[in-house]
Each structure stands twice: as C-alpha cells, then as structure tokens.
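Step one of this worksheet: look at the structure below.
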Amino acid sequence: MTVHYVLTEDAIPEGGRAVVEIDGREIGIYRVNGEYHAILNYCPHQGAPICAGPVSGTTLPSEVYSYEYGREGEVVRCPWHGWEFDLRTGESLFSERIRVKKYKVEVHEGKIGIVMREVEEVGQQ
Amino acid sequence: METKVETYKIIDVDVHNEQDDRALLPYLEEPWRSRVAASGIGYAGSGYYSPIGVMKKDSIPPGGGKAGSDPDFMIKQLIEGYDVEYAVLTGVVYNISSTHDPDYAAAICSAYNDYLINEWLGKHKAFKGAMVVATQDPLLAAREIDRVGGHPDIVEVMISSAARSPLGQRHYHPIYEAAERNGLPVAIHPGAEGGGSSTAPTAAGYPARYIEWHTCLSQMFMAHLVSMVCEGIFVKFPKLKVVLVEGGVAWLPALMWRLDKNYKALRSTVPWLKKMPSQYIREHCYLSTQPIEEPDHPQHLIDLFNMIDAENILLYSSDYPHWDFDSPHHILRGLKPEARRKIFYENAKQLYRLD
C-alpha cells in the first residue's frame with residue numbers, strides 16, 4: 001500500500017471534484033457531504049472519462065408513478081452513455097456487479113491521500 | 001418423407017369461434033339490441049385486402065355458416081382431429097375495440113361473453129373461454145371482468161392490440177387490476193389495426209397492402225410490451241400475467257437487449273423498475289407461437305429460442321380456423337422433446353390452471 005498525498009483539502013470545495021494523475025492513472029476525487037470519494041476516471045462500460053460527467057441526485061427506487069429524488073451530490077453520470085454510479089460505493093445504479101473502480105481516501109493534516117496498491121491495472125473490472 | 005416426431009397432448013391457446021351477429025341479440029339490452037338487429041355489429045375493419053381471405057377453406061361447416069361457427073364441426077376437425085385436450089376460444093369480438101362508442105363496445109363484449117358461456121363453453125370439456133373486454137373505457141372493462149371473470153371455464157381476459165394508445169398507459173390499469181383480482185391472465189390479440197379509432201397499423205403509418213399490414217403487426221406488440229414494462233404494470237400488479245397472442249416471437253431477443261441497454265442509461269425515468277426490463281418480461285409474459293417464423297435454416301429459430309428461454313414462455317396456438325393456421329404436427333419439430341412438451345402443453349396448463 002502506498003498513500004499518495006495529492007491535494008490539500010481546500011483544493012476541493014464541498015460538492016466539487018478534482019482529477020489528479022498518479023502513476024499514469026487519472027483519478028477523480030469528489031467531496032460529498034464532507035467526505036472524499038476517489039474513482040478511476042474510466043467508465044467500465046466503454047472507457048469514457050467518467051469524471052467529466054455531471055454529479056447530481058437521482059430518482060430513488062419508488063412506487064409506480066411516484067418520484068423520490070434523493071442522494072443529491074452522490075451520483076456521477078457517465079458523460080457518454082449516461083450510466084449512473086454511486087460515488088460512495090462505485091456501483092452502478094442498475095447492477096451491483098457493474099462498478100467504477102474506487103480508491104480508499106485518507107486525510108492527514110489537511111492533505112488528501114489516495115491509497116493504492118503497488119500494482120494497479122488501468123481499466124480493470 | 002417426414003420423420004416421426006413423438007406426439008404430445010396439446011393445448012391450443014388461440015381458437016377462433018365465430019357467430020352470426022344476430023346470435024348476440026338474445027344477450028343484448030336496448031338500445032343496442034335494435035341497433036344490431038337492424039345493421040349488425042358493425043366492426044371497424046382494418047380495410048386491408050387479402051386474396052386468401054381470413055379463413056382456411058376447409059373450415060366451412062358442412063351445414064353452412066361461417067368458419068368456426070359450428071361447435072360440432074370444430075370438435076370434429078380441430079379437437080378430435082388433432083387430439084386437443086383444451087382449446088382457448090378467443091372469438092373475434094376483440095375487434096370491437098376499434099369502434100367509436102365506448103358504451104356500445106362494452107355492451108357487445110358483455111353480450112358476447114354471455115353467449116360464449118351459454119352456447120360454447122358447455123359443449124365440450126375441451127372448450128375454455130377468453131372473455132373479451134373493450135379498451136375504450138377501462139372502467140367498464142374492469143366491471144365486466146368482475147361480472148363474468150369468475151366463471152370456471154373463463155381462463156383469460158382478451159383485449160385487442162388495435163388500440164388508441166400504448167396499452168401500458170395508466171388509464172388502462174383498471175383492466176389489469178381487475179384481471180389480477182380475478183386471477184386471470186390478460187391476452188392481447190391483433191385486431192383491426194388501422195381501422196376505426198385505433199392508431200395507424202405500423203409505426204411509419206398506413207402501408208398499402210395486407211402483406212405489409214400483417215408483417216408489421218409485430219410492431220404493435222413491441223410497442224405495447226415496452227409500454228407495459230416501462231409503465232410499471234408488473235410492479236403495480238405483481239401477480240399479473242400477459243399473453244401476447246399472434247404477435248410473432250422472433251423479435252423478442254432484440255427488444256429485450258435494446259430495452260435493457262436503454263435502462264442502463266435511462267433508469268432514472270422509470271425508477272419503479274427494480275430489475276432489468278427483460279426480467280419483468282421473462283417473469284410475467286407469454287407469447288403464443290402462431291404464426292411461427294419459418295427461417296430457411298430451422299436451426300436459426302432454435303438458436304433464437306435459446307436466447308429467450310422460449311420453452312418456458314411460449315404457448316402453442318393454431319389460430320384455427322384462420323388462413324395462417326399452424327398445424328401442431330408440423331411446426332417446431334426440431335425442438336427437444338422436453339421443450340415441445342412444455343410449449344404444446346405444460347406451459348398453458350400451468351398458466352390457465354387446467355386440470
């Protein structure tokens with residue numbers, strides 16, 4: 001395990017994101033309700049730069065013809081085909097088996113660190 | 001020379017009994033009775049011409065009358081001729097859904113349902129009935145389902161795929177609610193697509209010829225099925241089963257793939273769907289076989305069947321006495337015996353709870 005301290009906390013405002021490069025991999029860091037979530041900038045569907053997609057809430061599972069909007073700021077939508085992913089888990093909203101790669105984040109003395117294994121493969125599923 | 005294929009008991013889920021319009025008179029109230037007595041039922045036809053006609057030519061009863069109108073001849077030619085254990089009588093009255101007056105359409109359906117029960121269902125133990133309702137006024141349809149749906153020989157509710165809008169939409173829901181309440185599947189059958197008050201018969205509009213009209217009937221089924229899934233029919237009515245009758249089979253894999261793919265992107269517009277759309281189809285829908293697609297290479301159809309778990313969702317139908325009748329002895333011969341047994345018998349027996 002290696003922790004890469006890449007940004008200071010003040011670099012990402014609440015609801016914001018930053019894309020950093022670590023060892024040739026682009027990783028998006030999102031600040032959601034005071035917590036940080038890091039994902040590989042690579043959609044598992046067709047490799048789109050997912051961090052270019054909008055972050056929003058979405059309609060939650062509901063009864064027929066009712067709409068429950070929630071998870072504001074927790075869902076990133078792929079900029080190509082519109083697949084939704086939960087930033088907290090990396091899972092797509094249509095199948096728990098489809099997920100964007102997530103990285104653990106550690107904050108130490110105001111610095112945001114991305115936890116990576118020694119060997120990481122880009123685009124793995 | 002034909003190879004011998006093991007024969008199985010048969011349940012035929014689409015058999016068209018017919019009657020002279022005047023046969024409904026004893027079952028009609030005024031003012032409808034006088035109307036039918038004076039000028040017949042007055043269906044709105046699709047307007048498409050076929051040189052073959054609708055009926056197969058050997059199905060005219062020896063004593064005269066319309067094909068399918070003589071129960072005794074139907075018993076001899078179809079029930080005994082093909083060793084059919086049960087035949088679901090589907091009539092032709094679903095065509096009334098293309099006419100303009102909702103009250104008249106509902107009255108014709110009620111009269112037909114009483115006629116069916118009184119003059120057909122008791123004639124032979126093989127006869128089971130599809131009660132019919134008109135879709136112009138779904139609340140009247142629901143009332144009719146509650147009125148006759150409990151009859152022991154009524155096994156489903158029939159509606160027409162010729163409608164004014166996609167059949168999943170919310171104003172139709174009372175029909176599905178009533179069908180579920182009465183434990184009856186809802187069957188959808190082609191009708192007078194393009195006629196009367198129904199929509200154009202193809203997505204592109206009105207084709208010139210019957211060959212085009214008939215080929216494109218599958219489009220209606222595709223549109224209705226997508227509507228029923230996306231509008232949440234199977235979430236709202238979790239016990240409901242739907243039978244797509246005579247709408248074709250081969251289009252189903254492509255529709256499932258396309259709908260599932262779109263769901264991945266557009267799930268948020270149908271948040272009540274908790275599973276892949278194709279899963280709702282697999283769990284709630286059946287398709288009747290006739291007119292079965294006949295590719296040059298029979299294996300292609302079997303490959304396609306494997307894509308949709310066909311042996312668990314298909315129901316054999318002959319469409320007797322119509323021109324595009326499928327003989328149970330001559331179709332789907334390449335399937336494995338177990339698959340044939342399910343499609344020709346077991347699936348329908350289970351769905352319609354036939355003993």
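None of these values were measured; they are calculated from a predicted model. Below, read A as the first sequence line, B as the second, and so on, with proteins coming before strands; counting in each chain starts at 1.
- Atom CD of A:E9 sits in a crowded spot, with more than 12 heavy atoms from other residues, nucleotides or ligands closer than 6.0 Å.
- The closest side-chain donor-acceptor pair between B:E144 and B:S110 falls under 3.5 angstrom.
- Taking the charged nitrogens against the carboxylate oxygens, A:R71 and A:D86 do have a contact shorter than 4.0 Å, which makes a salt bridge.
- The contact between B:K236 and chain A is made by backbone and side chain atoms together, counting heavy-atom distances below 4.5 Å.
- For chain B, the option among A:E84, A:H45, A:E63 with the highest count of heavy-atom pairs below 4.5 Å is A:E84.
- A:S92 does not touch chain B: none of its heavy atoms, backbone or side chain, sits under 4.5 Å away.
- Note that CD1 of B:I145 and CE of B:M131 are 5.5 Å apart. Values are rounded to the nearest 0.5 Å.
- Contact annotation for A:Y65: both backbone and side-chain heavy atoms come within less than 4.5 Å of a heavy atom of chain B.
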